[in-house]
Amino acid sequence: MNATATHSPGAPRPSVIQLAVKEKSSLYAAYIPLFTEGGMFIPTNRDYQLGDSVYVLISLPEEPQRYPIAGKVAWVTPAKAGYSRAQGVGIRFPKDDNARALKLKIEEILGGQLASDRQTQTI
């Protein structure tokens, strides 16, 4: 899974992050079904605060389409958090059609894996 943040020094947020999820296992580890609208863990070493706006372009495994999401930071995993957790942020998807389409597509790709108890990067 690759995340790239682009921003100019002094530019107002939201920042833009391109997240390319290449494998189902990475999607499973990053997806946050706990949020009603869905969400995604994004590995980054950039400093974010809870509530920060983030614009994310998400690519899913074997999908040509990129999904644009204007999300909010719902949690922050700091560096050296322990338990093999990567540094990054959890983004809550908004209540809009783009987010609904992405959530449905993710849940279609993951299928029965959503019921798994395997460890993830999320809550």
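In what follows, every heavy atom counts, from backbone to side chain, and hydrogens, waters and symmetry copies are set aside.
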- Note on the structure: NZ (Lys103) and CD (Glu37) are apart, to the nearest 0.5 Å, by 8.0 Å
- Note on the structure: All heavy atoms of Ala86 vs all of Thr77, minimum pair found to be O-CG2, 3.3 Å
- Have a look at Arg66 and tell me which of Val56, Ile58, Leu19, Leu57 forms a side chain to side chain contact (heavy atoms under 4.5 Å, CB included) with it. Leu57
- Give, for atom NZ of Lys22 and atom CD of Glu62, the distance between the pair rounded to the nearest 0.5 Å. 12.0 Å
- Item | Gap separating the CD atom of Glu63 from the CD1 atom of Ile106, nearest 0.5 angstrom | 10.5 Å
- Distance, nearest 0.5 Å, that separates CG of Leu60 from CD of Gln65: 8.5 Å
- Leu34-Phe41 co-clustered via ILVMFWY side chain contacts under 4.5 Å: yes
- Query: Do Gln87 and Pro78 come within less than 4.5 Å of each other through their side chains, counting heavy atoms only?
  - Reply: no
- Item | Nearest heavy-atom neighbours spanning Ala74 and Arg92 | CB-CB, 4.1 Å
- Determine the minimum heavy-atom distance between Pro94 and Gly71, stating which atoms define it. CD-CA, 4.3 Å
- Flag side-chain contact, heavy atom, 4.5 Å: Tyr31 against Ile109: no
- Report yes if the side chains of Gln49 and Val73 come closer than 4.5 Å at any heavy-atom pair, otherwise no. no
- Item | Point-to-point distance, once rounded to the nearest 0.5 Å, from CD1 of Ile17 to OH of Tyr55 | 12.5 Å
- Taking the side chain as every heavy atom from C-beta outward, state whether Ile69 and Met40 have any pair of such atoms under 4.5 Å apart. no
